[in-house]
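This report concerns only the one structure given below.
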Amino acid sequence: MALGDLMASRFSQSSVVVVSNHLDDCVSTHEDSDLSSQRRDSEAASSSYGNAGVSTTTSLAYLPQTVVLCELRHEAFEASVPLGPSDSGLVSKWRPKDRMKTGCVALVLCLNISVDPPDVIKISPCARMECWIDPFSMAPQKALESIGKTLSSQYERWQPKARYKCQLDPTVDEVKKLCTTCRRYAKSERVLFHYNGHGVPKPTANGEIWVFNKSYTQYIPLPISDLDSWLKTPSIYVFDCSAAGMIVNSFNELHEWNASGTSGSSRDCILLAACEAHETLPQSVEFPADVFTSCLTTPIKMALRWFCTRSLLRESLDYSLIDKIPGRPNDRKTLLGELNWIFTAVTDTIAWNVLPHELFQRLFRQDLLVASLFRNFLLAERIMRSANCSPISYPNLPPTHQHHMWDAWDMAAELCLSQLPSLVEDPNAEFQPSTFFTEQLTAFEVWLDHGSEHKKPPEQLPIVLQVLLSQCHRFRALVLLGRFLDMGPWAVDLALSVGIFPYVLKLLQTTTPELRQILVFIWTKILALDKSCQVDLVKDAGHIYFIRFLDSMEAYPEQRAMAAFVLAVIVDGHRRGQEACIEAGLIHVCLKHLQSSSPNDLQTEPLFLQWLCLCLGKLWEDFTEAQILGLQADAPSIYATLLSEPQPEVRASAVFALGTLLDVGFDSTRESVGGDEEFDDDEKLRAEISIVRSLLSVASDGSPLVRAEVAVALARFAFGHNKHLKSIAAAYWKPQSNSLLNSLPSLANIKGSGGGYPNQNHVPHASIVSSQIGPLLRIGNDNSSVVRDGRVSSSSPLGSSGIMHESPLSDDSSHHSDSGIMHDGLSNGVANHSGPKPFDNALYTQCVFAMCTLAKDPSPRIASLGRRVLSIIGIEQVVAKPLKSTSIRTGEPTASPSLVGLARSSSWFDMNGGHLPLTFRTPPVSPPRPSYLTGMRRVCSLEFRPHLMSSPDSGLADPLLGSGGASGTTDRSFLPQSTIYNWSCGHFSKPLLTAADDGEEVLARREEREKFALEHIAKCQHSVVSRLTNPIAKWDTKGTQTALLQPFSPIVLAADENERIRVWNYEGTMLLNSFDNHDFPDKGISKLCLVNELDDSLLLAASSDGSIRIWKDYTLKGKQKLVTAFSSIHGHKPAMRSLNAVVDWQQQCGYLYASGEISTINQWDLDKEQLVNPISSSSNCSISALAASQVHGGQFAAGFVDGSVRLYDVRTPEMLVCESRPHTQGVERVVGIGFQPGLDRGKIVSASQAGDIQFLDIRNHRSAYLTIEAHRGSLTALAVHRHAPIIASGSAKQLIKVFSLEGEQLGTIRYYPTLMAQKIGTVSCLTFHPYQVLLAAGAADACVSIYADDNTQAR
């Protein structure tokens, strides 16, 4: 099946299948093509256990099919620093070191025809032929000349461009002259020295060959060392004489001796010798006398003659026909050409399979003549070994004469010989092409079906290479090659080391339409491994091929995405590539397709959009000319629309592209001139404003992938606008209420009695502290405070109001006098800035705000990026030890340094841990005295260690007050680097043509779980619960806030107020794992949920501040991994200090609902990792309880602080379905809310703090139809079973009550099951097992216990 079709069939299963596989390691995501079948399977499965009494529709309602957060991007975002295509090192080993050429050939023939040398006894008849000429058929001198000429022409067939020089029966001087002339002519190229010594004695043991004296009366020895010194290196020697191995041995000794001497340079010297040191050449008449030379220079003729004598054809075939084979050696459509082609393929294959790869590269790929000689040398070994003679070489080759590929050659030879007589008789007869290549491709295909990285590599690879030369097999060969390359980087490396590169480079010049898709695929695979090929592609204008393909509408979008990937690699950090692609109009092509992509259009394959963005981003990166072209083409507005695409990868790539359009040197060049010139480039300014606005719009995106790119882009912006951002940052922490000016006189009289803690006004996100904690006010019993060295940390409200001589931008940072701090405050942090602002301050402020938010990101990796961005604008971090103790009492005098004006929200940065210590609690508020240091806070027992970044101005006393623009020109290398490009490249290194093979296993496990769930749901629905007060397990743990029972294993999870999550097995009563949700917890965890509970479940932990962190492998000790993290609530009401987030998760549609002290309920789609819409809560009050329906997707209920309850449905246009006020005894907050079991849409249970539990059918009646007065004024927790007709409520008065849905009380829990009958503590959380009648209860004092029905055995 053709690869194009293969890809097509793979891609056409649904318009989005490779979306899901879009960097996907999961078997079933929302859009996977397997999903429909999976749904059918589960329906079939559920109907097959219909005996459980659950119909198919309900089974689907109860068992959601959605699976989220299992894409590749969730694998290891926190840990991974991905690598893109390699451009150096191990990978480029496949490249031939340097191509070489043999420029000169010296032929030395010592034949002395008619005089036999004294040490050889000839048999009769004996081998006579030299270069297929019988020397006795003509006069000796004429024969000698004719043999020399023929030998020269035989070599020329292999290297026509070399210069050939011949010496016949020479003297030592003639040989010396020949050698020096050749070396002089060849310069640094290789010289070949061919020696035929059939007319002289054998070489000596001292390493001498023989030549003649002038009168031919004596043999004169010529030492090899002399020869070596004349020819120098690089060189190749061919010795065709008896005992030739002697010379090889001497050469080796000579080189070893030289290497151990001073020279030390390794000599590039290759030797081919006809036989071992103790052997003589074969004399049998079936061979020519120079059988070795004949094999090396006329291999086909030699091979066929030798084969004839051994073949069944030997009786019928006239040997003379072998010289009449029709055709030309270079024309593969003729018989001779095809034979030559097959011979090349066979010998190449043998060599590749037998030789180490480096040796193969050196001998078979570096120099055309050397490669040909070595191929033919393999034949010489085969033929001469049949005559008991072993040719040898240096470097030494393993024996190849019995390799099974010779059988394939013999078969091809036999087919050829059998056709020969008829073809010679009738020149017009058609010759039958050999089936050799077709069969070898089939063998390769069989290997592809069964082979793998761990098996022996396919030996046909060199043949596939040869087949690319022929048009008739080319398409099939490319498709098979594509399938092979898809097996992984190891396969690409193998193919490159065989030598595929020049072939596929050349094929880019063809215009055959059917090759386009497969060539793009092959190049994608090559470049995903080795980026260095970008140079070759640009040199050969290959980029134009890919731009045309990218622009063609016929190809599938996934394939066009590959073309975009190839182009991205071509321009990645390669100026010549960037220029060439701009000339070829790449910017226009990419923007055109980005613009034309409308969401319902088939062409908007996310992978395609992603790579269009990345390709342009790489084109613009650090290339001003390209950036200007991009801005002129209105790229920022085209990209702005992509920031709301559903795929995080597309959004992240769009952010990357926008970030590369920001000119990093934006302002710094002008600052050096003086910083006060008008910008002459309004267009550019407008473009930058729109880019920054776009970036800010996704600064709180749900995907860390996107936020990481926003941080990187803001860093570029901060680098360019350093000066202005620094001034804003310094002035940014101004208190919102009355400024500090009126409190200045009383600054020195802050009372130790607690007047120093006025009511806390919220300073929005003012969260960063400069690295110099200057003014440590000591609050002591003397009721006075000391301003040490008179300096105020400039990120504190004091500093930002400018109560100091120097504006944060002035270069003079030495005015630390006490009077300085009492300055009249007119030099507001910005007043001193002379040059005009390029942007309005509001935008800069938003940027600083966004940077701070990023620095407090729930994802550690983003938070550390955010802190790097802040350090660029001069806000350095303080390392503080996280405090486990909470606040100190206000009135208590203390000697520990407390800080003036730490910004309100609690974020000290820990550079090392990369987390924010959020444990510093604000002291209790004393009666309002607004005029004192608004927003001031006090922190006890901190150990401060200023952490200075290595920026040029870090030598100054305070980086923020340091030189105005010094760090505007900070070293560029300090900018954090984007990772989305390298990370996205990884997609193409993975197999793209085969789906992941673990699908069946996953489906089987899911079916098993569905069956279990359905059976238990049926049991629950029909269960008669008597009491549910039987304790089966209990653990001591401090301050539990929320708990969760796992559905398919006996595991309970609990989280405490310090956000430590513990995982127990309640059957084996052992702690499986325990870990911190993050390092500096603030308020504890408000909710634990399981995501994908029917598959590989993930643990969603929602902190009280609205941060969501999702963990995988959380039951394995120390192996938990953060899958994703984001902040689910933004923009809370100004008066609120804490958020008290309420969150619930709805598996059916993959939505997370979050709210708190805000006027909306945020609906997050976890598959898109995007805020789908903020739903207005239609109330002025905050939401205190939230429950999503686990049966009806899109429905959720909310309970409010004022006691009202509202039902929402996100599928309706107005969202709010109805509201009710069931809790009427005074305004008490709703503590718990839940949907009643069953499929009824509007039946809700709501419990208020007053202690009443109301049963509502909210769609039909405005008021409750049943009220239970469960606890008097102290209800703290409510749990409603998902399927069984029971609810439970817990009280601060240390008891838990269990009720039926009819309001009947089924039991009360007051005591722990201990000997002392100790009372349970204040109940902090209750939760039911999803499919069993089990209740987990957490108490604020020290316990988590699990209760079962009375008939369950206690553990």
Listed by chain and number, what are the ring-ring contact (aromatic ring centres under 6.0 Å, His included) partners of Y1153, not counting sequence neighbours?
-> F1196
List for me each residue that meets ring-ring contact (aromatic ring centres under 6.0 Å, His included) alongside F1048, sequence neighbours excluded, and say none if there are none.
-> F1012, Y1331
S1103-E1059 side chain donor-acceptor pair, cut-off 3.5 Å = yes
By side-chain contact (heavy atoms from CB on, under 4.5 Å), S700 pairs with (sequence neighbours left out) H1130
Full working for side-chain hydrogen bond (donor to acceptor under 3.5 Å, both in side chains) between S978 and E709 | CA-CA 6 Å; S978 160; E709 294 308 312; 2.7 Å; yes
In Å and rounded to the nearest 0.5 Å, what is the CZ to CG distance from R868 to L854?
-> 14.0 Å
Measure the NZ-CG distance between K1117 and D1113 for me, rounded to the nearest 0.5 Å.
-> 15.0 Å
Establish, from distance only, whether the side-chain atoms of Y1114 and S1097 form a donor-acceptor pair under 3.5 Å.
-> yes
Closest non-hydrogen contact found for L1072 with T1115 is CB-O, 3.7 Å
Test side chain to side chain contact (heavy atoms under 4.5 Å, CB included) on T979 and R861 and set out the steps.
-> CA-CA 12 Å; T979 53; R861 185 163 151 200; 3.3 Å; yes
Is there a donor-acceptor contact under 3.5 Å linking the side chains of D1056 and Q1041?
-> no
Test item: side-chain donor near acceptor, S1107 and D1105, under 3.5 Å = yes
Under 30°, 30 to 60°, or over 60°: which ring-plane class applies to W611 and F988, parallel, tilted or perpendicular?
-> tilted
